[in-house]
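Read through the structure below, which is laid out as structure tokens, and then see the notes.
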Amino acid sequence: MSNLLFQLNDKQKEAVIQTEGPVLILAGAGSGKTRTLTFRVAYLIKEKKVPPKNILAVTFTNKAAGEMIERIKQLLNLPQNISPYSQYLPHIGTFHSICVRILRREIEKIGYKKNFVIYDEQDQQTLIKRVIKDLGISTDQIRPATILGAISGTKNNLIGPEDFRMEVGSYFEEIVANCYEKYNEYLKKADAIDFDDIIMLTVEIFKKFPKTLERYQELFRYLMVDEYQDTNQAQYIFLKLLAQKYRNLCVVGDDWQSIYSWRGADVQNILNFEKDYPEAKVITLEQNYRSTQTILDAAYCIISKNINRKDKKLWTEKKSDQLITSYEALDEKDEANFIAREIKRLKKKMKLKLSNFAVLYRTNAQSRVLEEAFIKWGIPYRIIGGVKFYQRKEIKDILAYLFFIKNPSDQVSFERIINVPARKIGTKTIQKILSSKKESQTILDRIEEIVFGQKSTEFLPKEKVKRLKQFFELIKRNQDFSLKNSVSKLIENVFFESGYEEMILKDRENGEARRENVLELLTVANKFDNEENGLEIFLEEVALVSQTDRDLEKLDAVPLMTLHSAKGLEYEIVFIVGMEEGILPHSRSTLSEKEMEEERRLCYVGITRAKQKAYLLFTTSRNIYGSTQISIRSRFLEEIDEHLLEKISFEEMVKINKKEESNNEDFYEYYEKKLIFKKNNWKKKSKLKKIF
DNA sequence: TATATAGTGTTTTTT
DNA sequence: ACACTATATA
């Protein structure tokens, strides 16, 4: 182990051996924070002889947790196939996965059933719409998403419906208060909790039951938290309560990379750590192992304009041989073509893989033009983020069947599947079933009653009863089936029997692809086939896992993603597009200084992803919401010192490419046309547009 | 209940 | 430009 410490620099070592008491590690971009954290865990176990089960490490993504477990296994020389719940491994997971585990054991204390289901964003949407409808609120003025956002923010601040009502100060808040109450009521009726509840209810239990809290304080004696700048109030209190007794709380983060405040993350948590824990040891990791000094300097130019931050100065031993390149494109198409061109050129010249590049943008809408250009130039690309696997309709539908089979009270899942595939059962019939249902009755039981009851045809038309009976039998059959068969077999069964397969294959265009998605789900489910209560574990995992780790990394392709998705990643060459006022910084952020600081951090995160070189692109004019607008260079671009920048004009770009690749017909032809286009000025734009 | 049409609002999304 | 949703109509 002490051998291993040689692999760390002095500051990192300091952070590792300071095992007792509160520790704040301010880890700059690329300073090896995950490495430090992992070593610290290994050090605690090997040198300090702390039992692994007394260590809790919290990350923000399942991916990060998975990677950390892998690295710790290696450091501790543990077998690869060891169970993640083994006593030889510390507890490592996201806030949500840790809290769900706690809730499964303790939630009955506060009157919930312990086999609750977890509603994701889509489920929440459906539920809140139902609430709004039932309360008779008009959606002309207020959008469901706004109300949901307000409720979520409130939950993140640990404010319950009653407390919220007391603080109501406006008409809008009054509506939110009403919705909040009913929303929670409906959740409870469906034995469901939402993402925010996972943390909030755990804290509630800790506060109400000191004995229970103490048990967890004893268990998690050593606490470590990654990405601390992204914690919200609820998570902050959760940690505070757990750390109260032993005060062994080590947090790692970088206030300069806080980019999720709009989701409730509070930078103040990291900025105030020393106030909360006056005896805290503060260690700053400033040596950067990723980028060149030029990149670090340029990034510093931008971040240094922020007032609300701790100061630090990143440095590197890497020498800089490349400046930051800025390119003024004619429009977004030229911008995209420049990148495609440049990637082709550099890939050859520097012997890079496509996955060594990355294109980053502020908004998802910007990806389309890029995709078109990559297709045109025949460059494989991959969109990171975007529509997630588990959010695709066919996957959600099949999962809803499983959820309903497992929990026949689950109203959201019920409404999702009752008429998919079409069974001619609409809102009217659904309404009748639900409103006639007794409190203690499951939805399925009520349907059974209707279908087999004496006066069934008085209650509903014959046709509907027949359809409902088919649905009832489908669910019943599969409930029985699920008792004797594996999850994957169950999925298969549901997929065929429900007529879902038949339905999606009618979609000539995407049917086959959608079918393959379901088959992909089957592959995921296979992993749970040998587990005791496979269905349960499978649904749990599916509710908490996003799709990030499912990216097929095999194919070499250029990753395209938002600046947010890029956090934590690194690439040799990084392109940031749309360095324009209104895009980066985004127009919605220009009103408040706080939000402007976040945009600046976003830009900082983007630039510091680059190991060798960063390109900053902007346009002269851009098509936005269907109309062309003249663009203004981003203030962030102006903030970078002149001597760090190399500006390439359109003509220079053409010259470089002609010289280096005069044999490429495609390219030659394209730029000839573009040159003519530019000479011909703006007036003829529409005419020439057709050529490209 | 399914489908056509007009109207609307456009950030970011680790769980 | 475009996708999504609420409303009208078959």
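Order of the sequence lines sets the chain letters (A, B, ...), proteins ahead of strands, with each chain counted from 1.
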Exercise. For the side chain of A:Glu67 and the backbone of A:Ala64, is there at least one donor-acceptor N/O pair under 3.5 Å apart?
Worked result: no
Problem set entry | Between C:dA3 and B:dT14 - C1' atom distance, rounded Å | 26 Å
For this session: For A:Ser587, report the nucleic acid contact type (base, sugar-phosphate, nothing); a contact means any heavy atom under 4.0 Å.
Result: nothing
Exercise. Across the strands shown, which category fits A:Glu598 at heavy-atom distances under 4.0 angstrom: base, sugar-phosphate, nothing?
Worked result: nothing
Restricting both atoms to N or O, compile the protein contacts to nucleotides 6-9 of chain B shorter than 3.5 Å, with distance only.
none

Problem set entry | salt bridge (charged side-chain N to carboxylate O under 4.0 Å, His left out) partners of A:Asp266, counting only residues at least two apart | none
Exercise. In residues 227-238 of chain A, which residues come under 4.0 Å of DNA chain B by heavy atom?
Worked result: A:Asp230
Exercise. Can you name the residues that form a side-chain hydrogen bond (donor to acceptor under 3.5 Å, both in side chains) with A:Ser413, not counting sequence neighbours?
Worked result: A:Asp410
Exercise. What residues, two or more places apart in sequence or in another chain, satisfy ring pair (Phe, Tyr, Trp, His ring centres under 6.0 Å) together with A:Phe538?
Worked result: A:Phe528
Just the table, please: protein N/O against nucleotides 1-3 of chain B N/O, every pair under 3.5 Å.
{"residue": "B:dT1", "atom": "OP1", "partner": "A:Gly426", "partner atom": "N", "Å": "3.1"}
{"residue": "B:dT1", "atom": "OP1", "partner": "A:Thr427", "partner atom": "N", "Å": "3.4"}
{"residue": "B:dT1", "atom": "OP1", "partner": "A:Lys428", "partner atom": "N", "Å": "3.4"}
{"residue": "B:dT1", "atom": "OP2", "partner": "A:Thr429", "partner atom": "OG1", "Å": "3.4"}
{"residue": "B:dT1", "atom": "OP2", "partner": "A:Lys464", "partner atom": "NZ", "Å": "3.3"}
{"residue": "B:dT1", "atom": "O5'", "partner": "A:Gly426", "partner atom": "N", "Å": "3.4"}
{"residue": "B:dA2", "atom": "OP2", "partner": "A:Asn419", "partner atom": "ND2", "Å": "3.4"}

For this session: Look at all strands and tell whether A:Arg368 reaches a base, only sugar-phosphate, or nothing, counting heavy atoms closer than 4.0 Å.
Result: sugar-phosphate
Exercise. A:Tyr625 has a side chain; which of B:dT14, B:dT15, C:dA1 sits nearest to it?
Worked result: C:dA1
Exercise. How would you label the contact of A:Phe95 with the nucleic acid (heavy atoms, under 4.0 Å): base, sugar-phosphate, or nothing?
Worked result: nothing
For this session: Look at all strands and tell whether A:Asn364 reaches a base, only sugar-phosphate, or nothing, counting heavy atoms closer than 4.0 Å.
Result: sugar-phosphate
Exercise. In whole Å, what is the span from the OH atom of A:Tyr604 to the C1' atom of B:dT12?
Worked result: 19 Å
Exercise. Any Lys/Arg nitrogen of A:Arg601 or A:Asp255 sitting under 4.0 Å from an Asp/Glu carboxylate oxygen of the other?
Worked result: no
Exercise. A:Gln122 has an atom CD; how far is it from atom P of C:dC4, in whole Å?
Worked result: 11 Å
